[in-house]
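Just follow the structure's listing: the first ligand is 1, and inside any ligand the first atom is 1. Computed over heavy atoms, backbone and side chain alike; hydrogens, waters and symmetry mates excluded.
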Amino acid sequence: METAIRHTHLLSVILFLLIYLVKTALLLANKEDGLAKFTKAVKIPEMIISTLFLVTGVYMLTQIPEIKSLMIIKIIVVLASIPLAVIGFKKKNKALASISLLMIVAAYGLAEMSKKPSSVKATVGAEIYSVSCARCHGDDGKLGLLGAPDLSASAMDLATRIEIIKNGKGAMTPFAGVLTEEQIKAVAEYSEGLKK
Ligand code: HEC
C-alpha cells in the first residue's frame, strides 16, 4: 500500500513535469497554436494527474512522524510554483513559466538527493540495534533486562545517548572500539526513533 502510493506519487510528479516541460517548450518557441492545442488535449489528464499528485503527497506527509525542514521548503516551493505557472501560461510570460518549472524540478531534485543517505543510515542503525542492543533493551526498547531503561519512553537527547553508548553506564557495556563513531551515531538516532 505504502509503496504503491509512493510510486503513484512519483509517476504523477513525472507526468506533471513532462506536461509542464512540453508547455514551457512550446511557449518559449512561440508556438502559440501548438500550446493552445496541447493545453486543450491534456486538460483532463492534467486534472487527474495533479489531483493524484496532491492526494498522494498529502497522504505521504501524514505518514511521516516528523516533518523535516527540507520537506517544508519543498512544499513551499511546489505550492509557490503553481500560481506562478498559472499566471505565466495565462499571460504567456516566458520567464514566469520557466521559473515555475525550474522551481518544481529543483524542489524534487533536492528531496531526492537528501533521501538516499538518510534511509541507508536508518537501515544501518536498525541492524546495529538488533545485533548489539536488543538483547537488553528489546526490539521495541521495552525489554528492560539488567535494569535497562525503556527506550520507547526515554526523553534523553542525542548527544547524551551517544556518550552513554560510547562509554557505557552501569550494567550497559561501552561500545567505543566495538562500533565506529558513525555506527554509534546511527544507532543512537535509531534508538530515538523508538520513542512513540
Ligand atoms: C548489557 C545490556 C545492555 C546492552 C547490550 C545495551 N544497553 Fe543500553 N542500557 C542498559 C542499562 C542497564 C542502562 C541503564 C544505565 C544506567 O542508567 O545505569 C542502559 C541505558 C541506555 C540508554 C539511556 C536511556 C535513558 O533514558 O537513561 C540508552 C539511550 C541506551 N542504553 C541505548 C543503547 C543502545 C543504542 C545500545 C546498543 C548499541 C545499548 N543501549 C545496548 C543495558 C544495555
Side-chain angles (χ1 to χ4, degrees), residues 1-14 16-17 52-81 103-196:
M1 177 72 173
E2 274 248 54
T3 45
I5 288 177
R6 204 181 300 268
H7 288 154
T8 311
H9 183 70
L10 199 64
L11 186 69
S12 57
V13 170
I14 291 169
F16 190 78
L17 282 176
L52 270 180
F53 158 54
L54 286 176
V55 171
T56 51
V58 169
Y59 174 84
M60 277 162 56
L61 265 185
T62 62
Q63 299 305 103
I64 296 164
E66 42 182 329
I67 299 200
K68 305 197 179 68
S69 52
L70 198 73
M71 217 179 288
I72 296 176
I73 298 175
K74 175 178 150 183
I75 296 166
I76 293 174
V77 172
V78 170
L79 287 183
S81 69
M103 280 167 71
I104 305 186
V105 173
Y108 276 89
L110 213 72
E112 287 306 311
M113 256 165 46
S114 70
K115 212 149 70 188
K116 292 215 170 80
S118 73
S119 65
V120 168
K121 207 158 112 195
T123 325
V124 170
E127 272 166 14
I128 298 169
Y129 184 87
S130 75
V131 173
S132 307
C133 324
R135 71 188 126 104
C136 292
H137 289 282
D139 285 332
D140 55 1
K142 294 181 184 164
L143 185 63
L145 204 75
L146 306 172
D150 181 351
L151 293 183
S152 71
S154 172
M156 186 177 278
D157 65 49
L158 187 65
T160 319
R161 280 169 199 257
I162 290 176
E163 282 311 302
I164 289 185
I165 297 168
K166 266 188 200 160
N167 305 322
K169 191 178 173 197
M172 178 165 156
T173 48
F175 285 88
V178 180
L179 300 173
T180 66
E181 290 268 330
E182 271 183 11
Q183 289 172 322
I184 290 175
K185 185 153 183 275
V187 77
E189 282 173 2
Y190 178 81
S191 77
E192 277 195 316
L194 295 171
K195 223 166 14 187
K196 282 259 155 68

Which residue supplies the protein heavy atom nearest to [atom], what is that atom called, and how far is it?
| atom | answer |
| --- | --- |
| atom 11 (C) of ligand 1 | Ala148 CA, 3.5 Å |
| atom 15 (C) of ligand 1 | Lys169 O, 3.4 Å |
| atom 12 (C) of ligand 1 | Leu146 O, 3.3 Å |

What atoms in ligand 1 come closer than 4.0 Å to a heavy atom of [X]?
| X | result |
| --- | --- |
| Ser154 | 24 (C), 25 (C), 26 (O) |
| Ala171 | 1 (C), 12 (C) |
| Leu151 | 22 (C), 24 (C), 28 (C), 29 (C), 30 (C), 32 (C) |
| Arg161 | 29 (C) |
| Cys136 | 1 (C), 2 (C), 3 (C), 4 (C), 5 (C), 42 (C), 43 (C) |
| Ser132 | 5 (C), 37 (C), 41 (C) |

For [X] and [Y], which heavy atoms make the closest approach, and how far apart are they?
| X | Y | answer |
| --- | --- | --- |
| Ile165 | Met172 | CA-CE, 3.7 Å |
| Asp150 | Lys142 | OD1-CG, 3.3 Å |
| Leu143 | Ala134 | CD2-O, 3.8 Å |
| Gly141 | Tyr129 | CA-OH, 3.6 Å |
| Leu17 | Ile104 | CD2-CG2, 3.6 Å |

Applying a heavy-atom cut-off of 4.0 Å, say which part of [X] lies close to ligand 1: side chain, backbone, both or neither.
| X | result |
| --- | --- |
| Met156 | side chain |
| Ile184 | neither |
| Tyr190 | neither |

*asked:* Exactly one of Ile184, Val178, Leu179 should register a side chain to side chain contact (heavy atoms under 4.5 Å, CB included) with Lys166. Which one does?
replied: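 Option passing the side chain to side chain contact (heavy atoms under 4.5 Å, CB included) with Lys166: Ile184.
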
*Have a look at Ile75 and tell me which of Leu79, Ile72, Val78 forms a side chain to side chain contact (heavy atoms under 4.5 Å, CB included) with it.*
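Considering Leu79, Ile72, Val78, a side chain to side chain contact (heavy atoms under 4.5 Å, CB included) with Ile75 is found only for Leu79.
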
*To the nearest 10 degrees, could you say what angle atom 8 (Fe) of ligand 1 makes with NE2 of His137 and SD of Met172?*
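That angle is 180°.
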
*Pair Arg161 + Glu189, salt bridge at N-O below 4.0 Å*: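 Looking at Arg161 and Glu189, the cut-off is not met.
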
*asked:* Strictly distance-based, threshold 3.5 Å: is any side-chain N or O of Ser154 a donor or acceptor partner for the main-chain N or O of Leu151?
replied: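 Such a contact is absent between Ser154 side chain and Leu151 backbone.
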
*Short N/O/S contact of Cys133 with atom 8 (Fe) of ligand 1 (below 2.8 Å)*: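 Short answer: no, not a single N, O or S atom is under the cut-off.
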
*asked:* Does Lys195 have more than 12 heavy atoms from other residues, nucleotides or ligands lying within 6.0 Å of its NZ?
replied: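 Yes.
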
*When you measure from atom 13 (C) of ligand 1 to each heavy atom in Pro149, Ser191, Pro174, Gly141, which option holds the nearest one?*
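Minimum heavy-atom distance to atom 13 (C) of ligand 1 goes to Pro149.
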
